[in-house]
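Just so it is clear: chains get the letters A, B, ... in the order the sequence lines come, proteins before strands, and each one is counted from 1. Just the heavy atoms: all of them, side chains too, but no hydrogens, waters or symmetry mates, feed the values below.
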Protein chains: 2
Amino acid sequence: MKTYSISEAAKELNLTVYTLRYYDKEGLMPFVERTPSGTRLFKESDIGALKIIQCLKSTGMPIKDIKHFIDWCSDGDPTLQQRYDMFMERKASVEAQMEELKKTMEVIEHKCRYYKTALDAGTEDIYKSDKVGSFIAD
Amino acid sequence: MKTYSISEAAKELNLTVYTLRYYDKEGLMPFVERTPSGTRLFKESDIGALKIIQCLKSTGMPIKDIKHFIDWCSDGDPTLQQRYDMFMERKASVEAQMEELKKTMEVIEHKCRYYKTALDAGTEDIYKSDKVGSFIAD
DNA sequence: TTAATCCTTATAGTTAACTCTAGGTCAAGT
DNA sequence: ACTTGACCTAGAGTTAACTATAAGGATTAA
């Protein structure tokens with residue numbers, strides 16, 4: 001079975017070795033085994049687990065909370081409900097983030113149009129009525 | 001014309017007064033005027049500008065970069081191109097984030113199904129073939 | 001006029017998530 | 001045997017974005 005050194009794992013996951021060791025120190029990778037001399041040996045499934053960790057991170061989950069999940073995984077079946085609840089909550093959070101991002105996108109697109117028009121006109125003054133001051137809010 | 005005190009502005013924007021003063025210190029609100037005694041007076045348009053700042057923040061833009069944008073706004077028409085480019089770049093970034101979030105969502109939904117099934121079965125062992133170890137990657 | 005409740009600045013502290021350094025171990029190649 | 005390079009730990013340093021404190025000034029209501 002193929003294994004990865006920490007630098008190979010880092011490359012595979014687009015992380016630095018510092019980050020991986022930091023995650024280990026934070027208890028995110030209790031499953032990674034060591035050689036007799038202490039060198040970490042990443043299995044294929046460890047890489048997969050770290051991808052799940054990255055997925056959770058990308059939902060905005062802090063490392064401390066991810067550690068809870070990892071602990072629950074070690075505890076086995078008695079924590080199935082917690083883990084299910086956690087992923088359902090993550091789902092809701094990601095849905096909310098998508099909504100938020102959609103609204104953000106609308107504002108950004110409005111601004112793109114705004115500046116396109118101003119650029120064509122050569123000036124922002126086309127938006128001026130009588131007020132003086134910044135146009136940031138327009 | 002209605003104005004807001006810093007605490008009113010904070011309430012309106014769902015920020016703390018600390019955060020607003022911090023933004024001011026970082027040069028994000030050069031447009032906010034003061035009373036003769038130094039108290040900040042937020043105009044309606046200032047609230048609007050801060051909403052744009054919040055929008056940029058929600059795209060993941062760091063405060064230093066937002067400050068550049070604010071500076072460009074003060075510089076007027078000569079920076080129209082930069083500002084247009086910036087918003088186009090933000091647009092691309094938000095699009096990428098949406099894509100990323102979609103992929104994240106797929107993994108999360110897979111996990112929801114996984115744990116629903118395990119929960120119904122009462123154990124995670126249904127996913128075991130012959131390997132021993134964590135199921136995190138499954 | 002005095003107390004409360006704002007506001008101000010300057011500066012220090014906090015938190016999360018890295019990021020790096022120092023000093024040491026270990027295995028492979030010359 | 002020795003050097004090289006990748007690994008290790010412990011712990012210090014960094015960065016962004018707040019968050020809070022201290023000391024004091026201004027405005028309002030009784």
Side-chain angles (χ1 to χ4, degrees), chain A residues 2-43 46-47 50-70 90 93 97 100 104, chain B residues 2-43 46-47 50-70 90 93 97 100 104:
Chain A
K2 203 203 161 184
T3 58
Y4 300 77
S5 71
I6 194 166
S7 57
E8 287 167 339
K11 184 169 285 180
E12 194 70 20
L13 294 158
N14 272 105
L15 295 173
T16 66
V17 293
Y18 298 135
T19 304
L20 278 177
R21 286 203 265 258
Y22 166 68
Y23 286 174
D24 200 5
K25 195 158 36 174
E26 294 300 309
L28 259 44
M29 338 174 339
F31 42 77
V32 172
E33 284 166 23
R34 308 277 191 127
T35 63
S37 62
T39 297
R40 275 169 276 246
L41 273 187
F42 293 75
K43 299 181 291 297
D46 297 343
I47 305 287
L50 279 158
K51 281 180 182 166
I52 296 297
I53 286 169
Q54 284 189 304
C55 172
L56 288 173
K57 262 195 63 59
S58 76
T59 72
M61 201 173 185
I63 279 168
K64 264 179 194 163
D65 292 357
I66 298 175
K67 182 183 165 19
H68 290 146
F69 166 65
I70 297 296
R90 281 302 89 200
S93 165
Q97 285 175 54
E100 193 55 38
T104 296
Chain B
K2 202 202 162 182
T3 58
Y4 301 76
S5 72
I6 195 167
S7 57
E8 287 167 339
K11 184 168 284 180
E12 192 71 20
L13 294 158
N14 271 105
L15 295 172
T16 67
V17 294
Y18 298 137
T19 304
L20 278 177
R21 289 204 193 98
Y22 167 68
Y23 286 175
D24 199 6
K25 193 157 42 177
E26 293 301 307
L28 258 45
M29 335 172 343
F31 42 77
V32 173
E33 285 167 21
R34 308 281 190 124
T35 63
S37 62
T39 297
R40 275 168 275 246
L41 273 187
F42 293 76
K43 300 181 291 296
D46 297 342
I47 305 288
L50 280 158
K51 281 181 182 166
I52 296 297
I53 287 169
Q54 282 190 304
C55 171
L56 288 173
K57 263 195 63 57
S58 77
T59 72
M61 200 173 184
I63 279 168
K64 264 179 192 160
D65 292 357
I66 297 176
K67 181 182 165 21
H68 290 147
F69 166 65
I70 297 297
R90 281 303 87 198
S93 165
Q97 286 175 53
E100 192 56 37
T104 296

Can you list every salt bridge (Lys or Arg N to Asp or Glu O under 4.0 Å) pair that touches residues 53-69 of chain B, not counting sequence neighbours?
Lys67(B)-Asp71(B)
Show me the pairs that pass salt bridge (Lys or Arg N to Asp or Glu O under 4.0 Å) and involve residues 3-19 of chain A, at least two apart or across chains.
none
I need the Arg40(B) CZ to Thr3(B) OG1 distance, nearest 0.5 Å.
14.0 Å
Spacing of Gln54(A) atom CD and Ile47(A) atom CD1 [to the nearest 0.5 Å]:
9.5 Å
Would you kindly give the [atom1]-to-[atom2] distance between [X] and [N], to the nearest whole Å?
| X | N | atom1 | atom2 | answer |
| --- | --- | --- | --- | --- |
| Ile6(B) | dG25(D) | CD1 | C1' | 16 Å |
| Leu28(A) | dA16(C) | CG | C1' | 13 Å |
| Ile66(A) | dC18(C) | CD1 | C1' | 14 Å |
| Met29(B) | dC18(D) | CE | P | 13 Å |
| Phe42(B) | dT8(C) | CZ | C1' | 13 Å |

Check each residue of residues 50-65 of chain B for a non-hydrogen atom within less than 4.0 Å of any atom in DNA chain C, then write out the ones that pass by number, or none.
none
What residues 30-39 of chain B contributes to the DNA chain C interface at heavy-atom separation below 4.0 Å is Arg34(B), Gly38(B), Thr39(B)
Would you call [X] and [Y] a side-chain contact if the rule is heavy atoms closer than 4.5 Å?
| X | Y | value |
| --- | --- | --- |
| Leu41(A) | Val32(A) | no |
| Ile66(A) | Leu28(A) | yes |
| Leu13(A) | Lys51(A) | yes |

Using a 4.0 Å cut-off on heavy atoms, which residues in residues 12-25 of chain A reach DNA chain D? List them by number, or say none.
Arg21(A), Lys25(A)
For Ala10(A) versus Val17(A), what's the shortest heavy-atom pair and its separation?
CB-N, 3.9 Å
Would you say Thr59(A) and Ser93(A) are linked by a side-chain donor-acceptor pair, where the criterion is simply a distance under 3.5 Å?
no
Looking at Ile70(B), Asp46(B), Leu50(B), which hits side chain to side chain contact (heavy atoms under 4.5 Å, CB included) with Met29(B)?
Leu50(B)
Does Tyr23(B) have any side chain to side chain donor-acceptor pair (under 3.5 Å) partners at least two apart in sequence or in another chain, and if so, which?
none
Is any side-chain nitrogen or oxygen of Arg40(A) closer than 4.0 Å to OP1 or OP2 of dC7(D)?
no
